[in-house]
Protein chains: 2
Amino acid sequence: MAGNSRLTVAVHALCWLALAERHGHTGLSSDQIAASLESNPVAVRRALGPLRTAGLVTAGKGPGGGWSLRVEAARISLADVYAAVEPGAVFALHPHPPRPDCPVGHGIAPVLEDVYENVGQAVIGELARHTIAGVLDTLLEQHPLPMPWAGVPVPRP
Amino acid sequence: MAGNSRLTVAVHALCWLALAERHGHTGLSSDQIAASLESNPVAVRRALGPLRTAGLVTAGKGPGGGWSLRVEAARISLADVYAAVEPGAVFALHPHPPRPDCPVGHGIAPVLEDVYENVGQAVIGELARHTIAGVLDTLLEQHPLPMPWAGVPVPRP
DNA sequence: CCCGTCCGTAACAATTTTTGTTACCCATTA
DNA sequence: TAATGGGTAACAAAAATTGTTACGGACGGG
């Protein structure tokens, strides 16, 4: 396709929050998360905003604030993240409506909507098999770094 | 999401070819298909080109040429169309690589690639449950037009 | 109270992707 | 030879995605 990277960024941020939490760090700032993503704090807020709305994370203001998990990492599935982050269907319908006086153009949209709805359910079903904690454990195990924890990264100047 | 409309356009065109074939018409021109889509012939060629490569349709040149099904509509699944039309994964990875010196940034990409690969398989599995003939029958039945066949549409001037 | 931290949001630019359109070439058929 | 019709390149227009700056408001510590 490939669509967008919202799910990737959100999962990345959640894994990072989970790892920091394991090491006693809670309340990472958007800048600190952005440092890991090589991005900037506004992009992080855009990515995590829907997760806050969905109740998966909390955001505290002021010193000592920042982002924290509101649900333990083992109970957040990628399907939860997907549902929070991706509003619409997997595939788009026509860019603009087809001819309504054509038998196909007249009736195809609702049929495809049904199909795409089922595809969305299939995606959710597959994503539900993975959790943030599971992804984190897998990546730490399969692709370990010599120094597994070097502290919260410092944003580059 | 919603990604792009390539699958929708391709399925629409195939349904239209299948319906025309049922009425004895073979070899629709790109202009005629474009008329149903309210689009233009180049867009149709772009949409059907991959299907020709995949062996699902044929394209003849010159008068009496045009597009025809190469496989009967009941044997073309939406998964076939999807595989022909959508090259990459369902979700994108990071817009640009994350920090390699971060435990999460270092190892998350391969793990997510695996997950996304399985998601792609789930999508294919769901799409495989539908065929062009099935979609066509469903839309004709659920959303019939007073005049079910008014001939091949005439491209608007 | 004052100040620095930090999220929330709007606004804007830059980039990429998608879609629409024009133009020209080559093949085919009558 | 002329008309039809796909193949492709090139370009423009539109939309989505991403990056960035700016500013307001909430919070905590001196």
Side-chain angles (χ1 to χ4, degrees), chain A residues 1-10 12-13 17 26-35 37-53 57-68 70 85-89 91-98 152 155-156, chain B residues 1-10 12-13 17 26-35 37-53 57-68 70 85-89 91-98 152 154-157:
Chain A
M1 190 171 278
N4 52 30
S5 61
R6 279 199 287 266
L7 181 62
T8 295
V9 171
H12 183 135
L17 282 179
T26 179
L28 296 195
S29 73
S30 301
D31 280 275
Q32 291 167 329
I33 300 176
L37 285 161
E38 296 270 29
S39 182
N40 69 79
V42 178
V44 171
R45 296 192 190 110
R46 267 206 293 251
L48 294 187
L51 303 182
R52 173 173 44 79
T53 304
V57 297
T58 56
K61 298 183 174 182
W67 301 91
S68 302
R70 195 163 196 261
V85 152
E86 295 282 354
F91 301 115
L93 293 180
H94 302 74
H96 45 72
V152 171
R156 298 206 225 258
Chain B
M1 190 170 279
N4 52 30
S5 61
R6 279 199 288 267
L7 181 61
T8 295
V9 171
H12 183 136
L17 283 179
T26 179
L28 295 196
S29 72
S30 301
D31 282 276
Q32 291 168 329
I33 299 176
L37 284 161
E38 296 270 29
S39 182
N40 71 78
V42 178
V44 172
R45 297 192 188 109
R46 268 206 292 251
L48 294 187
L51 303 182
R52 173 173 46 78
T53 303
V57 298
T58 56
K61 299 183 175 182
W67 301 91
S68 301
R70 194 163 198 260
V85 153
E86 295 282 354
F91 301 115
L93 293 180
H94 302 74
H96 45 72
V152 172
V154 183
R156 298 205 223 258

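All chains are named by letter (A, B, ...) in the order of the sequence lines, taking the proteins before the strands, and each is independently numbered beginning at 1.
- Closest non-hydrogen pair, A:Val85 versus A:Ala10, comes out as CG2-CB, 4.0 Å.
- Between A:Lys61 atom NZ and D:dA26 atom C1' there is a gap of 5 Å when expressed in whole angstrom units.
- Here the straight-line distance linking atom NE2 of A:His96 with atom CD of B:Glu38 works out to 7.0 Å at 0.5 Å rounding.
- Using a 4.0 Å heavy-atom distance criterion, A:Leu37 is classed as making no nucleic acid contact.
- Listed here is the closest heavy atom pair of A:Val57 and A:Leu48: CG2-O, 4.1 Å.
- Taking every heavy atom of both residues into account, B:Val44 and B:Ser30 meet most closely at CG2-O, 3.8 Å.
- The shortest side-chain heavy-atom distance between A:Arg52 and A:Trp67 falls under the 4.5 Å cut-off.
- Residue A:His96 has a polar side-chain atom (N or O) positioned under 4.0 Å from OP1 or OP2 of C:dG20.
- Heavy atoms of B:Leu48 sit nowhere under 4.0 angstrom from any nucleic acid atom.
- No side-chain donor-acceptor contact under 3.5 Å links A:Ser5 to the backbone of A:Thr8.
- Using a 4.0 Å cut-off on heavy atoms, the residues of residues 39-46 of chain A that approach DNA chain D are A:Ser39, A:Asn40, A:Val42, A:Arg46, listed by number.
- Backbone-only engagement by B:Gly60 is indicated by non-hydrogen atom pairs under 4.0 Å involving sugar-phosphate atoms exclusively.
- Both B:Pro95 and B:Pro63 lie near DNA chain D, and the one whose nearest nucleotide falls closer to the 5' end is B:Pro63.
- Rounded to whole Å, the distance from NE2 on B:His94 to P on D:dT17 is 17 Å.
- Atom pair B:Glu38:CD and C:dT21:P shows a separation of 11 Å (rounding to whole Å applied).
- Atom pair A:Asp31:CG and C:dC7:P shows a separation of 7 Å (rounding to whole Å applied).
- Within the structure, a side-chain polar atom (N or O) of B:Arg52 is placed less than 4.0 Å from OP1 or OP2 of D:dG7.
- Distance, B:Phe91 CZ to D:dT18 P: 13 Å, rounded to whole Å.
- In terms of heavy atoms, A:Pro41 sits closest to A:Ala34 at N-CB, 3.7 Å.
- Distance CG (A:Asn4) to C1' (C:dT15): 15 Å, rounded to an integer number of Å.
- Distances shown here put every side-chain N or O of A:Ser29 at or beyond 4.0 Å from the OP1 or OP2 atom of C:dC7.
- Taking side-chain N and O atoms only, B:Ser30 has no distance below 4.0 Å to OP1 or OP2 of D:dG5.
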